Peer 1: 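Submitted below is the structure of interest, expressed as structure tokens.
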Amino acid sequence: MKAQVNGASRDLAEGTSVAAVVTLVGAPEKGVAVALDGAVVPRALWDKTIVPDGGVVEVLTAVQGG
């Protein structure tokens with residue numbers, strides 16, 4: 001199946017979870033937020049939330065500095 005991950009088209013296996021996408025993009029364990037189709041997915045639901053075909057996932061990391 002196809003999904004958009006951080007603006008890039010990706011081929012994902014059926015049943016891929018948000019947690020698997022976070023691992024796929026190499027995001028750190030802390031300071032990460034995920035939105036699926038424009039809605040924030042709580043961290044507690046990452047393993048249970050499946051990315052649908054055509055889904056749009058944004059993995060955002062906090063950046064320090066000023």
Side-chain angles (χ1 to χ4, degrees):
M1 71 167 201
K2 294 267 187 195
Q4 289 285 322
V5 179
N6 289 351
S9 181
R10 295 269 190 142
D11 288 315
L12 301 177
E14 289 289 328
T16 298
S17 69
V18 167
V21 173
V22 170
T23 300
L24 177 72
V25 300
E29 291 186 24
K30 295 187 178 192
V32 176
V34 178
L36 174 60
D37 293 331
V40 174
V41 179
R43 185 179 291 269
L45 299 179
W46 286 5
D47 285 330
K48 299 172 188 161
T49 303
I50 303 302
V51 178
D53 188 33
V56 178
V57 182
E58 292 292 331
V59 180
L60 309 167
T61 56
V63 177
Q64 291 183 343

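All values derive from a computational prediction rather than experimental measurement.
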Peer 1: Can you find a pair of side-chain heavy atoms, one from L12 and one from V21, that are under 4.5 Å apart?
Peer 2: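 Contact flag for L12/V21 side chains = yes.
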Peer 1: Are V25 and L45 linked, directly or through other ILVMFWY residues, by side chains that come within less than 4.5 angstrom of each other?
Peer 2: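 As far as the 4.5 Å side-chain criterion goes, L45 and V25 are connected within one cluster.
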Peer 1: Would you check if S17 and T49 make a side-chain contact, meaning some heavy-atom pair closer than 4.5 Å?
Peer 2: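 Side-chain contact under 4.5 Å: no.
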Peer 1: Starting from L24, can I reach W46 by hopping between I/L/V/M/F/W/Y residues whose side chains sit under 4.5 Å apart?
Peer 2: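 As far as the 4.5 Å side-chain criterion goes, L24 and W46 are connected within one cluster.
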Peer 1: Give me the atom names and distance for the closest heavy-atom approach of I50 to G15.
Peer 2: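 Smallest heavy-atom distance, with atoms named: CD1-O, 3.4 Å.
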Peer 1: How far apart are the C-alpha atoms of V57 and R10, what are their side-chain angles, what is the distance that settles it, and do they pass the side-chain contact (heavy atoms from CB on, under 4.5 Å) test?
Peer 2: CA-CA 10 Å; V57 182; R10 295 269 190 142; over 6 Å; no
Peer 1: Between K2 and D53, is the closest basic N to carboxylate O distance under 4.0 Å?
Peer 2: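 No, no charged N to carboxylate O under 4.0 Å.
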Peer 1: Under a 4.5 Å cut-off applied to non-hydrogen side-chain atoms, are N6 and E58 in contact?
Peer 2: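 They are in side-chain contact.
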Peer 1: With side-chain contact (heavy atoms from CB on, under 4.5 Å) as the test, would you mind laying out the steps for V32 and R43 before giving the verdict?
Peer 2: CA-CA 9 Å; V32 176; R43 185 179 291 269; 4.1 Å; yes
Peer 1: With heavy-atom distances below 4.5 Å as the criterion, would you say the side chains of V18 and K48 are in contact?
Peer 2: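 Result no, sub-4.5 Å side-chain heavy-atom pair not found.
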Peer 1: Can you give each donor-acceptor pair under 3.5 Å made by side-chain atoms of residues 34-41, sequence neighbours left out, with the distance rounded to 0.1 Å?
Peer 2:
from, atom 1, to, atom 2, distance (Å)
D37, OD1, V56, N, 2.8

